[in-house]
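Input: a single structure, listed below in structure tokens.
Sequence positions, counted from 1, serve as the residue numbers for this chain.
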Amino acid sequence: MPQRHGTRLGTSAPAPQPPQPPRLTRLAACLLGTATLSLPAWSQEQAAAPAAAASAASADAGEKSADRNADKSLETVVVTGLRASLASALNAKKQDRGIVDVIKAEDIAKFPDTNLAESLQRVPGVVIDRDAGEGRNITVRGLGADFTRVRINGIEALATTGGTDSSGGANRSRGFDFNVFASELFNTITVRKSSSAEVDEGSLGATVDLRAARPFDFNKRVITGSVKARYNDLARETDPRMAFLISDVFLDNKVGVLLSGAYSKRRLLEEGFSTVRWDNGASSGGWCSPVGVTPANPTTTAANCGPAAQGVPRLPASSAATSAYNLASNVNNFHPRLPRYGRLTHDQDRLGLTSSVQFRPSDRTLLSFDLLYSKLKATRAEDFLEAISFSRTASQGGKPQTSVVEAQYAPNGALQYGVFNGVDIRAESRYDELSTTFTQPSLTLEQDITDHLKLNARVGRADSRFRNPVQTTTTLDAINVNGYTLDFRGNDRLPVIKYPFDPAQQNGALQIVGVPQVATNQPATVTNTTTSEIRIRPQGANNRNDIAHLDLAWEVVPDRLTLKAGADYKKYDFDTYEFRRVNQNDTIFAAPAGSAVLTKMLTGFGRGLNLPAGTPTSWVIPDLNAIAAAYDIYCNCIKSGPAGGPGDFTLSSTTNGNARGNNRAVVEKDKGGFVQADFEGKVLGLKVQGNVGVRYVQTEQEATGYLATGGGTEVVIGQKYKDWLPALNLSANLTPDLIARFAAAKVMARPQLGNLNPGGTISTTGTLSITTGNPYLKPFRAKTFDGSLEWYFARNAFLGVGLFQKNINTYIQSLRTNAPFNQTGLPLSLLPSNFTGEEVFQLTTPINTPGGKLRGIELNYQQPFTFLPGWGRNFGTLLNYTYVKSKIAYLVSPTSDAMITDDLLNMSPKSWNATLYYEDDKLSARVSASQRSAFLTRVPGQNNNDVEGKNATLNVDASISYKVNDKLTITLEGVNLTNEVNDQFISRARNSPVVYHVTGREYLLGASYKF
């Protein structure tokens, strides 16, 4: 159960201090993220409740006002603005029985952070992953989003969004998407790095508690608002960002009401080069051999690459042609699968609202009702100019129809320069409409039954609904062109790409290539050719957490020993769906007669990239609105031709092999309870405090999926497992300012949702793959050990070192292998009619494996420079550094015992944060930098590669504010000042680019006003 600093339950108050003059109460306008307000002097006595709430073992504690603790005086710390928040957060860290880090409201607001993930990256050991230039997920001490639990006002929550494919796509996992929320909605974030029995299970990395403001945090009327204009220098767009807070108390402070809100619009461009991974020369059936060299593909004729009907001539016999072919066919030489330049256009609206009503009928009872609402709406247009042949098989008109005219490779096997004939070129446009609606009502009761017995209870529901009703891709194509050039010699991230035609010419080479329409026996495809496509893939996901919690705390020995016991019930419901065309090839007929112009132009590409000379900056793209009108693509009907043909725009779901795997559900019922003792006393003259306890939880899991056989047969599989999770937290004051801490626990995290799917999916477009789940997976289990030494060497100053180790006993890994479809045991009837069964598919399934050890160290330094003379005393700094090391054994294939030992996924071995700030009565300024080293996202990698990952990033932000008077403050902020690149790679040896995108710098000018 949570503890208040200085209350009766298990804590002791510091020595009384001389009385201080009255101070203003809690943080107010800082909730609005304005980076502007320097608050008047305030005391820790006034701030003790929110500070303790941040550091306690559950987010619903510490809500009663300071008058309940009035008999215990606290040390007074007179600070303003950011210094106030840092002092409060540091006090919360110092007083907590566990190992935590805390961010207070002013801290969030004053950093130039657009959402909670970017606020959290300031915490030691926390790094973030971005989507569209904005923080989306967090990794704590090397453990990714699936291993981190998030609670909002004490209620476990899961918010999910839809991202680009390269950032993980639609979130159907247990990872929390922080970009759903604006940071203005919350006043405290607590990152719990050690476990306690009273904190419910589910995390290997950390439990993150988010707390929204409540009216008794202020105990008076507060009205404040802010408005900002945001400018992005790549998109050259200016967008609004605004927030407000209204809070008041009534009936002799027995009733309080609060309403806050935040709205922002964000329009930006994301531009760069990408490849959709790299593969080796022998992949997809190999290249077309020149005349005189034995063909790798049996359909190649004496004169043509592939069937004679295609009319793609082989290169004439020559030593140069043979040498280039042999070099490119080497299994150790790799090329990009879909080399392309592209622009993504993001348009996002985010609205968040919080409301809270608190009722205190007596000083023993506090009832709080909280409601949180957030709506994230977005559209995203993705436009690429790409070569598609290098990733496709003979039946798709791919590599076996492509000849290598010239080729140069680096010693590590990476393509440096190549000239190719018989290449299919495509202008691809995808358009998404996306929304996430999050709602969370919760009711919390705190009841002092007697002076020494306290009851806490809460019930709530966190509901997240992700919808992607429009996900449509259209293409223009130029088939089998000669003289395509790809040149990485000048820049391994931004190659020169030359096309043998003008890609910006309307009615030129790039056209809609349709399937010829015939009277009888209409084919769905053109043999050995990839024609133009219309893909329609509406989808969505739902996550709902219903929780009920009850605990009792009995103060056996006042300020020395408190016994706690509690029970929890949680029901988690997850389901996801997807529809795709019955025509699983997504082919189309030629445009209907009399159609309007179906293309438009993309112009002005590459402003923020320093593109190499000769790179196209304009090209023709499909006009989705015109195509949708001409073909009536959203009719969900057959417009022309037979069922399943190019004119069939009917959608199907569980019966569709390409959509089936994203139709699944998981229901979990978790019943648990805990007992815990909080203690405090003297040992060998040292103040010692902590807690020890055990949590028991039973997980009842039911997974629903659809089998490929039987046209999508529903299958439901259930399992149960139980865990005993002991936990210990211990701290000792070696001196009044030097604290040593130790923590140990057994922890568990439940399997990823997608891995529990008892069904499977078959993808017959793009990368040919078969993916199945495993509903019998056991959870991740680990033993954790933490130790730290914290020196509070001066007022509001801190120096700390922390060591941690996690022995991961049970891990979950996806095994992959490649095999022809006709060797999988699945019926050929699951494939499109143009497939033969010889096509090689990537097979993936998850299994439980042994894990490994993760070790690390954190260094943390925080100090206001009050020791400097004159204006120098207004400076201060926050610095932290984290090093993490892990060794996980990854099986390479289900058919062998070969293993790769490498880093844990999503773990950056090194990360650091640095902030330098200045603050006086009028002016506040700061600059912050956050760096994370390269990390892995997949082991083993796809397409014959060892690993996939992201390269290091360094993000620099800054802000400055000027306080005009006690009510008005003006601000200027800069975000992503270095225009940091999203640089994803594949292969440790080659570090070949997968994504190399920028999103531009952002500047925010605004004002806040306190009424």
As a quick check of understanding, evaluate salt bridge (Lys or Arg N to Asp or Glu O under 4.0 Å) for Glu1002 and Arg230, giving each step before the final call. CA-CA 7 Å; Glu1002 295 187 349; Arg230 180 208 306 260; 2.8 Å; yes
Check Thr207, Asp101, Asp209 against Arg192 for a side-chain hydrogen bond (donor to acceptor under 3.5 Å, both in side chains) and give me the one that passes. Asp209
Run the side-chain donor-acceptor check on residues 729-736: report pairs under 3.5 Å with partners two or more places apart or on a different chain.
from: Asn729; atom 1: OD1; to: Ser194; atom 2: OG; distance (Å): 2.8
from: Asn729; atom 1: ND2; to: Ser195; atom 2: O; distance (Å): 2.8
from: Asn729; atom 1: ND2; to: Ser196; atom 2: OG; distance (Å): 3.2
from: Asn729; atom 1: ND2; to: Asn691; atom 2: OD1; distance (Å): 3.1
from: Ser731; atom 1: OG; to: Gln689; atom 2: O; distance (Å): 3.3
from: Thr735; atom 1: OG1; to: Asp737; atom 2: N; distance (Å): 3.2
from: Thr735; atom 1: OG1; to: Leu738; atom 2: N; distance (Å): 3.0

Tell me the closest heavy-atom pair linking Leu954 and Ala929, and the distance in Å. CD1-CB, 4.2 Å
Do the side chain of Thr882 and the main chain of Gly125 share a donor and acceptor less than 3.5 angstrom apart? yes
If you measure from CG on Asn187 to OG1 on Thr354, what distance do you get to the nearest 0.5 Å? 9.5 Å
Indicate the atoms forming the closest heavy-atom contact of Gly135 with Glu118, along with that distance. N-OE2, 2.8 Å
Once you round to the nearest 0.5 Å, how far does CG of Leu686 lie from CD1 of Ile739? 12.0 Å
Can you confirm whether the side chains of Arg926 and Ser924 place a donor and an acceptor under 3.5 Å from each other? yes
Ignoring hydrogens and geometry beyond distance, is a side-chain donor-acceptor pair present between Asp177 and Asn137 at under 3.5 Å? yes
What pairs meet the salt bridge (Lys or Arg N to Asp or Glu O under 4.0 Å) rule with one or both residues in residues 870-879, with sequence neighbours excluded? none
Passes side chain to side chain contact (heavy atoms under 4.5 Å, CB included), Leu1004 versus Lys228? Steps please. CA-CA 6 Å; Leu1004 295 90; Lys228 295 182 183 179; 4.0 Å; yes
So, Lys806 side chain and Leu204 main chain: donor-acceptor pair closer than 3.5 Å or not? yes
So Tyr231 and Tyr1003, would you call those rings parallel, tilted or perpendicular, with 30° and 60° as cut-offs? parallel
Derivation and outcome, side chain to side chain contact (heavy atoms under 4.5 Å, CB included), residues Arg122 and Leu878: CA-CA 9 Å; Arg122 315 296 178 190; Leu878 295 85; over 6 Å; no
Validation row: Met907, Arg932 side chains within 4.5 angstrom (heavy atoms): no
Atom of Val102, atom of Ala89 and distance for their closest heavy-atom approach: O-CB, 3.4 Å
Under 3.5 Å, side chain of Lys922 to main-chain N/O of Val964, donor-acceptor pair present? yes
To check you understand the geometry: which heavy-atom pair defines the closest contact between Ala743 and Ile99, and what is its length? CB-CD1, 4.3 Å
Heavy-atom check, side chain of Glu980 versus side chain of Asn955, under 4.5 Å: yes
Verdict with supporting geometry, Phe216 and Phe218, ring pair (Phe, Tyr, Trp, His ring centres under 6.0 Å): CA-CA 5 Å; Phe216 288 168; Phe218 306 100; over 10 Å; no
Between Glu184 and Ser260, is there a side-chain heavy-atom distance shorter than 4.5 Å? no
Under a 3.5 Å threshold, yes or no: a donor from one side chain and an acceptor from the other, between Ser928 and Thr915? yes
If you measure from the Lys or Arg side-chain nitrogens to the Asp or Glu carboxylate oxygens, is any gap between Asp200 and Arg149 under 4.0 Å? yes
Please answer whether the main-chain N or O of Leu968 pairs with a side-chain N or O of Lys963 as donor and acceptor at a distance below 3.5 Å. no
For the side-chain hydrogen bond (donor to acceptor under 3.5 Å, both in side chains) test, which of Arg458, Arg214, Gln358, Arg211 pairs with Asp370? Arg214
Any donor-acceptor N/O pair, Asn913 side chain to Gln121 backbone, under 3.5 Å: yes
Do Arg136 and Arg130 make a side-chain contact, defined as non-hydrogen atoms from C-beta onward lying under 4.5 Å apart? no
Do Trp912 and Leu859 touch side chain to side chain, with heavy atoms closer than 4.5 Å? no
Is any side-chain N of the basic residue among Lys1010 and Asp966 closer than 4.0 Å to the acidic one's carboxylate O? no
Heavy-atom side-chain proximity of Phe935 to Thr139 below 4.5 angstrom: no
Shortest non-hydrogen pair, Ile103 vs Ser119, comes out as CD1-O, 3.4 Å
If you measure only the distance, is there a donor-acceptor pair under 3.5 Å linking the side chains of Asn880 and Asn860? no
Quick one: does Phe804's side chain get under 4.5 Å of Leu854's, heavy atoms only? yes
Side-chain contact test, heavy atoms from C-beta onward, threshold under 4.5 Å: evaluate it for Leu258 versus Ile246 and give yes or no. no
Does the pair Val208 and Ile189 meet the rule for a side chain to side chain contact (heavy atoms under 4.5 Å, CB included), with working shown? CA-CA 7 Å; Val208 177; Ile189 302 178; 3.9 Å; yes
What are the two closest heavy atoms between Phe147 and Ser203, and how far apart are they? O-OG, 3.2 Å
Are the ring centres of Tyr883 and Tyr881 closer than 6.0 Å? no
Ring pair (Phe, Tyr, Trp, His ring centres under 6.0 Å) with Phe875: of Phe867, Phe865, Tyr918, only one passes, and it is Tyr918
Report the C-alpha separation of Arg350 and Arg266 in whole Å, then their side-chain angles, then the decisive distance to 0.1 Å, and conclude whether the side chain to side chain contact (heavy atoms under 4.5 Å, CB included) test is met. CA-CA 8 Å; Arg350 180 168 55 208; Arg266 188 168 184 252; 6.0 Å; no
Sorted by chain and number, sequence neighbours left out, side chain to side chain contact (heavy atoms under 4.5 Å, CB included) with Gln440 holds for Ile152, Asn153, Ile155, Ala157, Leu372, Phe438, Ser442, Ala462
Is the number of heavy atoms from other residues, nucleotides or ligands within 6.0 Å of NZ (Lys910) greater than 12? no
Before accepting this row, confirm whether a basic side-chain N of the pair Glu790/Arg741 lies closer than 4.0 Å to the acidic partner's carboxylate O. yes
